[in-house]
2 protein chains.
Amino acid sequence: MKDIIARLKENGVTLTPQRMAVTEFLSRSRNHPTVDEIHRNIQRRYPTMSVATVYSTLKLLKELGEIQELSIRKRGKACFDPNPGLHHHLLCRKCGKILDIDFNHPSNCPIMAKESIDGCKVEEVQAYLYGICPECLKKESDKKG
Amino acid sequence: MKDIIARLKENGVTLTPQRMAVTEFLSRSRNHPTVDEIHRNIQRRYPTMSVATVYSTLKLLKELGEIQELSIRKRGKACFDPNPGLHHHLLCRKCGKILDIDFNHPSNCPIMAKESIDGCKVEEVQAYLYGICPECLKKESDKKG
DNA sequence: ATCTATATTTATAATGATTATAAATTAAGA
DNA sequence: TCTTAATTTATAATCATTATAAATATAGAT
């Protein structure tokens with residue numbers, strides 16, 4: 001958190017209150033929020049905060065490699081991850097939540113270790129797992145008794 | 001191709017010329033076409049073909065498990081794969097093409113073999129690789145001589 | 001601290017993919 | 001062939017995202 005702010009400064013990024021708010025909120029988040037989720041939350045404190053600024057700040061952070069935008073979407077909306085590093089994601093089919101799957105790469109995932117497959121140069125891998133999260137699994141087993 | 005038409009019939013699907021056209025075109029395709037790519041191609045023969053029908057037919061085929069919609073998009077547009085089975089995809093960063101990566105699962109991909117990870121039940125895995133396709137690699141090396 | 005040039009934010013409109021709607025057409029079964 | 005239900009079509013509506021331009025805030029120099 002401190003680190004990211006420091007790095008932004010180093011990169012000559014103007015640290016406006018709005019940018020700080022977006023950065024802090026996303027850094028603390030664990031649920032891969034969408035633009036409007038970020039916007040709604042920040043608006044409680046900064047009523048004049050506009051969506052356009054959320055979009056532009058996320059774009060900036062993405063370009064600087066500080067965050068990542070996922071390839072899967074929550075109900076058609078882009079979602080963001082404060083961790084730009086390589087890891088996988090599980091989308092829960094019951095509750096729609098997206099969970100980080102820390103995959104201890106590349107030891108467990110040979111795709112990540114390979115530099116080429118089928119004659120293609122591989123630079124990055126994003127895996128999306130579809131299934132049921134622990135919370136929803138628990139609910140299911142509780143129901144059954 | 002014959003199979004899919006037969007299965008549609010078995011499922012009581014009305015086989016209109018429009019549905020046949022979409023199904024045939026997608027079945028023959030190798031480049032994960034978008035809705036408008038499918039639409040433009042079919043319109044050459046059926047000038048009255050509407051996009052709405054393309055959307056509805058794709059939705060139908062998807063629900064019947066005959067095709068799949070990818071989680072990654074070409075310039076913001078959904079793209080479709082005539083093969084509903086589990087396989088991975090590589091998005092070429094140079095030309096934007098999406099290639100199938102036949103991964104001979106699950107021998108090469110332990111994620112596919114696992115039924116649970118981090119307490120999550122895993123039902124399906126989609127991996128998206130980002131890199132350079134063989135064609136673009138060749139162009140690069142040709143340039144360098 | 002003040003001024004000035006530049007960058008950022010904001011509100012608004014524009015874009016573009018997808019979905020909804022309702023009338024027109026077509027298919028299926030009697 | 002006739003009738004009913006399903007499908008297609010054209011059109012409008014929706015919704016996320018991007019573009020625009022005026023208003024505001026920032027940074028650096030004085």
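A note on names: the letters A, B, ... follow the listed sequences, proteins ahead of strands, and every chain is numbered from 1.
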Worksheet item: Any Lys/Arg nitrogen of E140(B) or K94(B) sitting under 4.0 Å from an Asp/Glu carboxylate oxygen of the other?
Response: yes
Response to the item:
Result for 5'-nearest mapping on DNA chain C, choosing between P17(B) and V51(B), is V51(B)
Worksheet item: How long is the line joining NZ of K62(B) and P of dT19(C), in whole Å?
Response: 8 Å
Worksheet item: Closest to the A78(B) side chain: dT18(C), dT9(C), dT8(D)?
Response: dT18(C)
Fill in: Sugar-phosphate only, base, or nothing, as touched by R75(A) at under 4.0 Å among non-hydrogen atoms
nothing
Worksheet item: Could you state the interatomic distance from CG (L8(A)) to OG1 (T14(A)), rounded to the nearest 0.5 Å?
Response: 10.5 Å
Practice prompt. Counting heavy atoms from C-beta on, name the nucleotide in dA20(C), dT9(C), dA17(C) closest to the side chain of T16(A).
Written response: dT9(C)
Worksheet entry | Interatomic distance where CG belongs to L70(A) and P belongs to dA16(D) [whole Å] | 17 Å
Item to complete: Figure out the NE2/C1' separation between H39(A) and dC15(D), and round it to whole Å.
Response: 16 Å
Discussion item. Using whole Å, what does the distance between atom C1' of nucleotide dA17(C) and atom CD of E37(B) come to?
Written reply: 14 Å
Fill in: OP1 or OP2 of dT9(D) under 4.0 Å from side-chain N/O of T53(B)
yes
Worksheet entry | Distance in angstrom units between K9(A) NZ and dA27(D) P, rounded | 10 Å
Fill in: Among dT10(C), dT9(D), dA27(C), the one nearest M49(A) by side-chain distance
dT10(C)
Practice prompt. Measure the CG-CD1 distance between L91(B) and I132(B) for me, rounded to the nearest 0.5 Å.
Written response: 10.0 Å
Worksheet item: Which is true for S50(A) with a 4.0 Å heavy-atom rule: it touches a base, it touches only sugar-phosphate, or it touches nothing?
Response: base
Discussion item. Nearest to the R19(B) side chain among dT7(D), dA10(D), dA16(D), which nucleotide is it?
Written reply: dT7(D)
Worksheet item: Nearest-Å distance, CG (L60(A)) to P (dT8(C))?
Response: 8 Å
Discussion item. What's T48(B) touching, base or sugar-phosphate or nothing? Going by heavy atoms closer than 4.0 Å.
Written reply: sugar-phosphate
Discussion item. Under 4.0 Å, heavy atoms only, any strand: does T14(A) hit a base, just the sugar-phosphate, or nothing?
Written reply: sugar-phosphate
Worksheet item: Distance check: side-chain N/O of Q18(A) vs OP1/OP2 of dA25(D), anything under 4.0 Å?
Response: no
Fill in: OG on S27(A) to CD1 on I67(A), rounded to 0.5 Å
9.0 Å
Worksheet entry | Distance in angstrom units between Y46(A) OH and dT10(C) P, rounded | 10 Å
Discussion item. It should be established whether R73(B) places a side-chain nitrogen or oxygen under 4.0 Å from OP1 or OP2 of nucleotide dT18(C).
Written reply: yes
Worksheet item: Just how far, in rounded Å, is P of dT8(D) from CD of Q43(B)?
Response: 15 Å
Worksheet item: Which part of the nucleic acid, if any, lies within reach of P47(B) when heavy atoms closer than 4.0 Å are counted: base, sugar-phosphate only, or nothing?
Response: nothing
Fill in: Residue Y55(A), side-chain heavy atoms: nucleotide from dA16(D), dT9(C), dT18(C) that is nearest
dA16(D)
Worksheet item: Looking only at heavy atoms, which two atoms of C92(B) and C133(B) are closest? And how far apart?
Response: SG-N, 3.3 Å
